[in-house]
Amino acid sequence: MKCYGILLIYLLILPGITKGQEKDTLIRGVKASFAYSTTIFPESWQGAPISAKGESIANAEINRSKKVTIKALAKYPASLLSNDLKAIYWVRKMSFYDVGYGGTNSTDALYLTNDGINLGYTEKYLEQTFHHEFSSILYRNHPGQLDTTSWKTANSKDFNYNDPEDGVGAIRKNASSQDLDTFLCKRGMLTQYALSSMENDVNTFAQNIFCPSYGFWKMVDNYPRIRKKALLLISFYNKLNPLFTEQYFRKLETD
């Protein structure tokens, strides 16, 4: 008991250590962090106009966030993680350009929001956001591996991505739904948010091949434009590691 009391006092007075930092851990070699400070964001994000802000995740949500992290990371080979992902920062809230974000990414880090299941942050939503954001890192870090010309030909001929802010405008205008939309599938898009930019279009497919929303693979099978994009993205991931095949991704639907 005496040792426990000394340890408790030490943790309370040790400068710079927060409750979130006590729970920081390595998962498959990737740092999972639960303590917020502005320094988690790249320095270029901290000033105007980006003006990055955040809030520490609730202690009650840390274990659930860890569970999601473990599940999501398990779907990638260790070599891919070691090359492209160093850290995951979980926060309660964050904003950039005075707009609230559910997730974002930097060169080798993910920033993910979890404000509790009652506000819609289900484990499904959280894991999809993980894959959504990680796909941006991979897309950016491995240029030329995704056939972007063929990707664009899968869109209907009258379509052009419509957000000059690459998704920020869509969020600002409340036009960022991630619900699967059969009407948009006819044009080659899965969701409203995918309309905003090619990267967001790619992200939306990535979150669904790794953690499919109900009906996703049925859409792949029933809509030729959607199938073309799904196969192009699977080919992209297969170039990064041969583990990633259509059979691998379809199996994730039932695991």
Side-chain angles (χ1 to χ4, degrees), residues 20 23 27 30 32-34 36 40 53-76 85 87-96 99-106 109-139 166-168 170-182 184-185 189-197 199-220 226 230 233 249 252-255:
K23 297 180 183 295
I27 301 174
V30 179
S33 176
F34 305 93
Y36 172 73
I40 70 172
K53 298 184 181 72
E55 294 181 19
S56 293
I57 192 170
N59 283 336
E61 290 298 328
I62 290 177
N63 284 338
R64 202 163 65 94
S65 300
K66 281 185 179 179
K67 179 181 176 182
V68 170
T69 303
I70 291 168
K71 184 178 180 182
L73 288 174
K75 296 180 179 180
Y76 298 87
L85 187 60
I88 304 161
Y89 298 96
W90 287 95
V91 295
R92 182 186 175 200
K93 294 179 180 178
M94 61 182 163
S95 65
F96 310 96
V99 176
Y101 276 55
T104 193
N105 60 87
S106 62
L110 303 180
Y111 304 84
L112 304 174
T113 297
N114 178 4
D115 198 13
I117 195 168
N118 291 337
L119 292 179
Y121 293 86
T122 64
E123 289 176 22
K124 180 85 164 184
Y125 169 84
L126 296 175
E127 188 187 343
Q128 284 195 329
T129 304
F130 176 104
H131 300 299
H132 180 113
E133 298 301 335
F134 189 30
S135 70
S136 276
I137 292 178
L138 296 173
Y139 176 62
D166 291 329
V168 179
I171 298 171
R172 200 192 311 276
K173 295 173 184 176
N174 198 28
S176 58
S177 171
Q178 292 283 20
D179 294 337
L180 299 182
D181 188 321
T182 54
L184 293 177
C185 282
M189 304 290 160
L190 287 172
T191 70
Q192 182 188 49
Y193 190 53
L195 300 170
S196 58
S197 73
E199 183 175 335
N200 292 328
D201 190 8
V202 170
N203 297 155
T204 302
F205 273 84
Q207 74 188 46
N208 278 287
I209 63 172
F210 278 98
C211 185
S213 294
Y214 178 78
F216 167 70
W217 287 107
K218 186 176 180 179
M219 289 178 170
V220 172
I226 297 299
L233 189 60
F249 287 113
L252 295 179
E253 182 179 24
T254 56
D255 284 350

Passes side chain to side chain contact (heavy atoms under 4.5 Å, CB included), Leu112 versus Phe130? Steps please.
CA-CA 7 Å; Leu112 304 174; Phe130 176 104; 4.1 Å; yes
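- Taking the side chain as every heavy atom from C-beta outward, Leu180 and Thr191 approach each other to under 4.5 Å.
- In this structure Ser56 satisfies the side-chain contact (heavy atoms from CB on, under 4.5 Å) test together with Tyr36, sequence neighbours excluded.
- Using modelled atom types, one finds a donor on one side chain and an acceptor on the other under 3.5 Å when comparing Asn114 with Ser65.
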Identify every side-chain donor-acceptor pair in residues 208-218 under 3.5 Å, counting partners at least two apart or on other chains, and give the distances.
residue, atom, partner, partner atom, Å
Asn208, OD1, Ser213, N, 3.0
Asn208, OD1, Ser213, OG, 3.2
Asn208, ND2, Thr204, O, 2.9
Ser213, OG, Gln128, NE2, 3.0

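- The distance from the CG atom of Leu190 to the CG atom of Asp181 is 9.5 Å, given to the nearest 0.5 Å.
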Side chain to side chain contact (heavy atoms under 4.5 Å, CB included) evaluation trace for Leu85 with Leu110
CA-CA 8 Å; Leu85 187 60; Leu110 303 180; 3.8 Å; yes
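- Atoms CG and CZ, on Leu233 and Phe205 in that order, are 8.0 Å from each other to the nearest 0.5 Å.
- Nearest heavy atoms, Ile27 versus Ala32: CD1-CB, 4.1 Å.
- Of the inter-residue distances, the one linking Asn105 atom CG with Phe134 atom CZ reads 10.0 Å to the nearest 0.5 angstrom.
- The salt bridge (charged side-chain N to carboxylate O under 4.0 Å, His left out) pairs that include a residue from residues 200-210 are Asp201-Lys229, where partners are two or more places apart or lie in different chains.
- A search for side-chain contact (heavy atoms from CB on, under 4.5 Å) contacts involving Thr122 returns Ile117, Lys124, Tyr125, not counting sequence neighbours.
- Listed by chain and residue number, Glu127 satisfy the salt bridge (Lys or Arg N to Asp or Glu O under 4.0 Å) test with Lys75 (two or more places apart in sequence, or in another chain).
- Side chain of Lys66 to backbone of Lys23: a donor-acceptor contact under 3.5 angstrom is found.
- Using modelled atom types, one side-chain atom of Asn203 and one backbone atom of Glu199 make a donor-acceptor pair closer than 3.5 Å.
- With rounding to the nearest 0.5 Å, the separation of CG in Asn59 from CG in Asn63 is 9.5 Å.
- For the residue pair Cys185 and Met219, the shortest heavy atom distance occurs at SG-SD, 3.5 Å.
- Residues meeting the side-chain contact (heavy atoms from CB on, under 4.5 Å) test with Thr113, sequence neighbours left out: Val91, Met94, Tyr121.
- Residues in residues 204-216 take part in no salt bridge (charged side-chain N to carboxylate O under 4.0 Å, His left out) pair, two or more places apart or across chains.
- Here the shortest heavy-atom pairing between Ser135 and Ala206 reads CB-CB, 3.4 Å.
- Annotation: the span from Phe96 atom CZ to Thr104 atom OG1 amounts to 5.5 Å, rounded to 0.5 Å.
- Judged as a side chain to side chain donor-acceptor pair (under 3.5 Å), and not counting sequence neighbours, the contacts of Tyr76 are His131.
- With sequence neighbours left out, the side chain to side chain donor-acceptor pair (under 3.5 Å) criterion links Thr129 to no other residue.
- Under the side-chain contact (heavy atoms from CB on, under 4.5 Å) criterion, Arg92 pairs with Glu55, Asp115, sequence neighbours left out.
- The structure places CD1 of Ile57 at 10.0 Å from OG of Ser33, a figure rounded to the nearest 0.5 Å.
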